Amino acid sequence: MMAKLNDKPLLSARNLGKHYGQRLGCRDVNFDLYEGEVLAVVGESGSGKSTLLGLLATELSPTAGAVNYRMRDGETRNLFDLSEAERRFLLRTDWGFVRQDARDGLRMGVSAGGNVGERLMAVGGRHYGRIRDTASDWLNRVEIEPERIDDLPKSFSGGMRQRLQIARNLVTHPRLVFMDEPTSSLDVSVQARLLDLIRGLVSELGLAVIIVTHDLAVARLLSHRIMVMRQGRVIETGLTDQVLDDPREAYTQLLVSSVLAA
Amino acid sequence: MSAVAAPQASGYNFAYLDEQTKRMIRRAILKGIAIPGYQVPFASREMPMPYGWGTGGVQVTAAIIGPADVLKVIDQGSDDTTNAVSIRKFFAKTAGVATTTETKDATIIQTRHRIPERQLTEKQTIVFQVPIPEPLRFLEPRETETRKLHALADYGLMHVKLYEDISRHGHIATTYDYPVEVADRYVMNPSPTPKFDNPKMHMSPALQLFGAGREKRIYAVPPFTKVRSLDFEDHPFEVQRFDKPCALCAATNVYLDEVVLDDRGGRMFVCSDSDYCEERRADGHRGELSGEAPHLVGGAA
Ligand SMILES: Nc1ncnc2c1ncn2[C@@H]1O[C@H](COP(=O)(O)OP(=O)(O)OP(=O)(O)O)[C@@H](O)[C@H]1O
Ligand SMILES: [Mg+2]
Ligand SMILES: [Zn+2]
């Protein structure tokens, strides 16, 4: 029964596109994402990565196409047909969204514990002690000392803030996490630690992840599959190692070689 | 509320506001009653007093008051503060209505900070002066977003606020304007009454109306409506408790104010609801200091 469910994609984008007025955001995007799979979206600045992520997370509305999502009850729905209430429920139970800038993903005026506990309370958690225990447990899992549970994110380093965002998102055991450049605001040494942590949690929890990055090293480390975007379209897609080791498209070759040169 | 007076010819209108404005406010009130706890926007008018003086409450009172009404105005439980006196005078002058300090005689009670200790009746309406109507404001400054959260009954943030309270103070430290859920649906700020008064809102026989002048919102709790104070299972809502009874009338289970007696640190705790205290003393109740300091609280000791 379970295996049969998992044969179906968790999420499918079909002919997905968005224009901002005349300007192209992205178009004709088609892909399937399966449970536990990590998909990296790469491409130069302005290629449409954030637009695509915004569409998938239903933060933007499309000008074409659909995103079909297999809900927890097994039913597949077009995300753009969900009611606002259903959409919000999905956003904070079954999904996570880790932002490039922690200030967009955290409540800076609320303690670390409150940040992690918010989703639990949003879905009806009404036992302070249990919320706190769960928050403390999650802080520990993202390598933040539980003693800092009552501190404000303002007093945290950049790396800690990103880890706090991750804890805040994972506390409801989502199946799918969106990440938009989660490491790019950090120093290289801090990046490595965060990537290790993400990689560990992803495999431990069997998370599906769609991660936008301009850093091919991040894509190589985290993702199973990769999608290369250019001027709003997907120009190459495949297993990450294959695409990066043996890119077919000239543009991808250029991307890869510029990384090698760097 | 009694029958509404016809406009007067003198150029001044009954209860200050013109009839059209009163109709607009009454429509907002009716909508508020129909959707308990929901904040109804209204076109708040300039009143001849500053915002901090309860212009929202004054407009609600002006819209519902009739010539046969008897008005009581309280501030901090007392009828004698400048604010209460000036609002009472305002209606005595503009509507010519009778005023009273006695809860039992009033048909409309406009209040800042307290709900009278004496149980209100079906014949009474209590009007609250509200400075900040939006309970979600603390964590979500965006109006578009708070409106959406109310529409979806998405109130997790209220508990984040209480969570922060407990994590900082070891208990829910909010003592005034303690948020409530009305009729199992909307979350509402009760205005800066002490949480001690929250249980009085639950299933109250009186109509409860709330007016926020600066923020241009009206909301309502109809008679006999469920009002529940938010809390956690392991940190249940509790009202303030006082160790001693009122020093003047020996009342227990009432809200007490501290009164400084002298400059040597002498003090006593007395009913914040001065009408309630006076009535008890008139009935012969005596507190441990009732003989000593009657002048401090005024009225008949
Ligand atoms: N809100 C908007 N209004 C108008 N055009 C937009 C808007 N957001 C993005 N665009 C345009 O859509 C295209 C794709 O932008 P998008 O932000 O998706 O790219 P990106 O790949 O995420 O770039 P970056 O790597 O710089 O973040 C660009 O041409 C951009 O100018
Ligand atoms: Mg982007
Ligand atoms: Zn007393």
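The structure presented is a predicted model; accordingly, all values stated were derived computationally and were not measured. Each chain gets a letter, A, B and so on, in the order its sequence line appears, and its residues count up from 1. All heavy atoms count here, side chains included; hydrogens, waters and symmetry mates do not.
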Side chain / backbone / both / neither for His159(B) at chain A, heavy atoms under 4.5 Å: both
Nearest heavy atoms of Gly129(A) and Asp234(B), plus distance in Å: N-OD2, 2.6 Å
Salt bridge Arg92(A)-Asp154(B), side-chain N to carboxylate O under 4.0 Å: yes
Under-4.0 Å salt bridge between Arg147(B) and Glu84(A): no
Heavy-atom neighbours of Phe89(A) CZ exceed 12 at 6.0 Å: no
Neighbour count >12 (heavy atoms, 6.0 Å) for atom CD, Glu145(A): no
Separation between CD of Glu233(B) and NE2 of His127(A), rounded to the nearest 0.5 Å: 6.0 Å
Proximal component of Ile172(B), with respect to chain A [non-hydrogen, under 4.5 Å]: neither
Flag if over 12 foreign heavy atoms under 6.0 Å of CD, Glu258(B): yes
Atom of Leu139(B), atom of Arg107(A) and distance for their closest heavy-atom approach: O-NH1, 3.2 Å
Max heavy-atom pair count under 4.5 Å with chain A, selected residue of Ala153(B), Gly156(B), Ser167(B): Ser167(B)
Among the listed options Ile166(B), Leu230(B), Asp231(B), the residue most often paired with chain A at heavy-atom distances under 4.5 Å: Ile166(B)
Aromatic ring pairing Tyr128(A)/Tyr163(B), orientation class (parallel under 30°, perpendicular over 60°, tilted between): tilted
Close side-chain approach of Met121(A) to Phe232(B), heavy-atom, < 4.5 Å: yes
Within 6.0 Å of CG in Asp73(A), more than 12 heavy atoms from elsewhere: yes
Heavy atoms from other residues, nucleotides or ligands near CG of Asn253(B) exceed 12 (cutoff 6.0 Å): no
Atom pair CZ (Arg126(A)) and CG (Leu162(B)), whose distance is rounded to the nearest 0.5 Å: 9.0 Å
Leu152(B), part contacting chain A, at a heavy-atom distance under 4.5 Å: side chain
Under 4.5 Å from a heavy atom of chain A, the part of Lys148(B) involved: side chain
Minimum-distance pair of heavy atoms, taken over all atoms of Ser111(A) and Glu164(B): OG-OE2, 2.6 Å
Region of Arg119(A) that comes under 4.5 Å of a non-hydrogen atom in chain B: neither
Residue Arg199(A) excluded, over 12 heavy atoms near CZ under 6.0 Å: no
Ile35(B), CD1 atom: more than 12 neighbouring heavy atoms under 6.0 Å: yes
Glu118(A) versus Val160(B), closest heavy-atom pair with distance: CG-CG2, 3.7 Å
